[in-house]
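The structure appears below as structure tokens.
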Amino acid sequence: MIVVMKKGASAEVVQDMVRRVEGMGLKAHVIQGTERTVIAAVGEKRNGERETLESYEDVEKVVPILAPYKIASREVKPDPTVVEIGSFKAGLGHIGVIAGPCSVESEDQIMSVAADVKKAGATALRGGAFKPRTSPYSFQGLKEEGLQLLAAAREATGLAVVTEVMTPGQVELVANYADVLQVGARNMQNYNLLQAVGETLKPVLLKRGPSATMEEFLLAAEYILDQGNKHVMLCERGVRTFETHTRFTLPLASVPYLQEKTHLPVIVDPSHGTGKASLVPPMCTAAVAAGCDGLMIEVHPNPHQAVSDGAQSLTPEAFQHTMQQCRKVAEVLGYTM
Ligand code: PEP
Ligand code: MN
């Protein structure tokens with residue numbers, strides 16, 4: 001249910017209502033809108049709660065939330081959520097660009113690519129220190145050493161650091177170094193991990209599972225939001241289909257669809273979405289044209305020597321050109337990047 005408070009309801013009045021909602025055994029999430037405050041009351045419903053809540057003088061109305069996800073839905077929060085960390089900003093017409101290698105490989109590699117992507121206009125640096133690899137024999141990441149190198153690159157460039165966390169047990173360690181916790185596609189339905197990143201209150205980049213429906217994707221985001229973490233970004237990174245000409249199939253209609261259903265920023269990852277460097281630049285401009293709130297792009301100083309995902313990684317030069325093209329599209333549509 002959404003408890004819509006009357007215009008101008010004071011903080012004390014809202015807090016009183018939160019206590020009443022909690023007294024009914026429901027969780028209360030306060031959402032401050034531009035017009036008025038609403039309280040999302042979520043949990044297992046019993047009888048008569050709606051009528052009881054509606055009977056209070058400071059309550060304008062109580063409406064049911066029709067979507068299966070609650071706090072993630074636009075019904076609860078019509079205003080878009082903006083995720084901002086230093087110079088990185090995603091949402092409400094701001095396109096945040098997260099760029100960097102698939103994996104952190106060495107100090108030279110991460111420092112040089114961080115400087116290059118920063119110069120080209122990226123606002124966050126990506127790089128995996130814990131890598132979810134399909135084969136147990138593939139490079140698994142530099143782990144804590146990789147996190148330290150990312151932190152050094154942040155120190156040198158000022159870029160926010162986005163990096164993946166794979167297990168609940170790693171959350172504390174990764175959160176010590178990262179600005180944004182990435183939950184990878186393979187872990188989208190790892191509910192213990194979703195709850196653990198939700199508890200940190202650090203911004204989270206949640207990647208869509210390769211076979212997840214939009215509803216499953218949004219319900220996964222709901223697990224994070226339900227812990228009180230409001231800073232969740234959704235990342236479309238392509239789904240598994242019968243098609244083999246690309247690594248995954250990148251459905252850009254997800255962008256406007258998700259923006260209709262949720263207030264959360266929508267990021268597009270054309271690198272994993274296509275798997276081929278030559279297809280990445282046009283899909284970046286297409287994602288901007290579709291209205292995305294951010295891009296995640298793999299960039300490597302020497303893609304041929306990358307230990308992971310070299311085939312889909314842009315060179316720094318190609319990334320710079322891609323940024324120029326994206327900016328042109330953004331400008332026409334009135335977005336900033
Ligand atoms: C990645 O971002 O490097 C990654 C492993 O992506 P995904 O989880 O989307 O496969
Ligand atoms: Mn990768």
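One-based numbering along the sequence shown. First listed ligand is number 1; within each ligand, the first listed atom is number 1.
With no hydrogens or angles considered, no side-chain donor-acceptor pair links Asp309 and His300 at under 3.5 Å.
Side-chain contact check for Met296 versus Ser271: every heavy-atom pair is 4.5 Å or farther apart. The closest side-chain heavy-atom distance from Glu236 to Met214 is below 4.5 Å. By the 4.5 Å heavy-atom criterion applied to side chains, Thr322 and Val280 are not counted as neighbours.
Ion pairing of Glu222 with Lys70 is absent here, as no side-chain N (NZ or NE/NH1/NH2) approaches a carboxylate O to less than 4.0 Å.
Of the angles at the Mn ion (ligand 2), the one spanning SG of Cys102 and OE2 of Glu298 is 100° when given to 10°.
Polar contact with ligand 1: absent for Asp269 (N/O pair, distance under 3.5 Å). Note: an N/O pair closer than 3.5 Å links Ala185 and ligand 1 by distance alone. Considering backbone and side-chain atoms together, Glu164 places no N or O closer than 3.5 Å to any N or O of ligand 1. For the pair Asp309 and ligand 1, the shortest N or O to N or O distance does not fall below 3.5 Å.
Near Arg186, meaning under 4.0 Å from any of its heavy atoms, are these atoms of ligand 1: 8 (O), 10 (O). For ligand 1, the atoms sitting less than 4.0 Å from at least one non-hydrogen atom of Glu298 are 3 (O), numbered in the order shown with element in parentheses. Every atom of ligand 1 is numbered from 1 in the order shown, and the set under 4.0 Å from a heavy atom of Gly184 is 8 (O). Counting the atoms of ligand 1 from 1 in the order shown, those under 4.0 Å from a heavy atom of Cys102 are 3 (O).
Atom CG of Leu206 is separated from atom CG of Leu234 by 6.0 Å, given to the nearest 0.5 angstrom. To the nearest 0.5 Å, atom CG of residue Leu173 and atom CD of residue Glu144 are 4.5 Å apart. Taking CE of Met5 as the reference point, atom CG of Asp16 lies at 8.5 Å (rounded to 0.5 Å).
Nearest protein heavy-atom neighbour of atom 4 (C) of ligand 1: His272 NE2, 3.4 Å. Among all protein heavy atoms, the one lying closest to atom 2 (O) of ligand 1 is Arg126 NH1, 2.8 Å. The protein heavy atom nearest to atom 6 (O) of ligand 1 is Lys207 NZ, 3.0 Å. When hydrogens are left out, the protein atom nearest atom 10 (O) of ligand 1 is Arg237 NH2, 2.9 Å; that is the closest non-hydrogen contact.
Heavy atoms of Arg208 stay at 4.0 angstrom or farther from ligand 1.
Counting just the N/O/S atoms of Asp309, the one with the shortest distance to the Mn ion (ligand 2) is named OD2.
Partner of Asp269 under the side chain to side chain donor-acceptor pair (under 3.5 Å) criterion, chosen from Arg208, Arg126, Lys207: Lys207.
Between Cys284 and Ile297, the shortest heavy-atom distance links the atoms SG-CD1, 3.6 Å.
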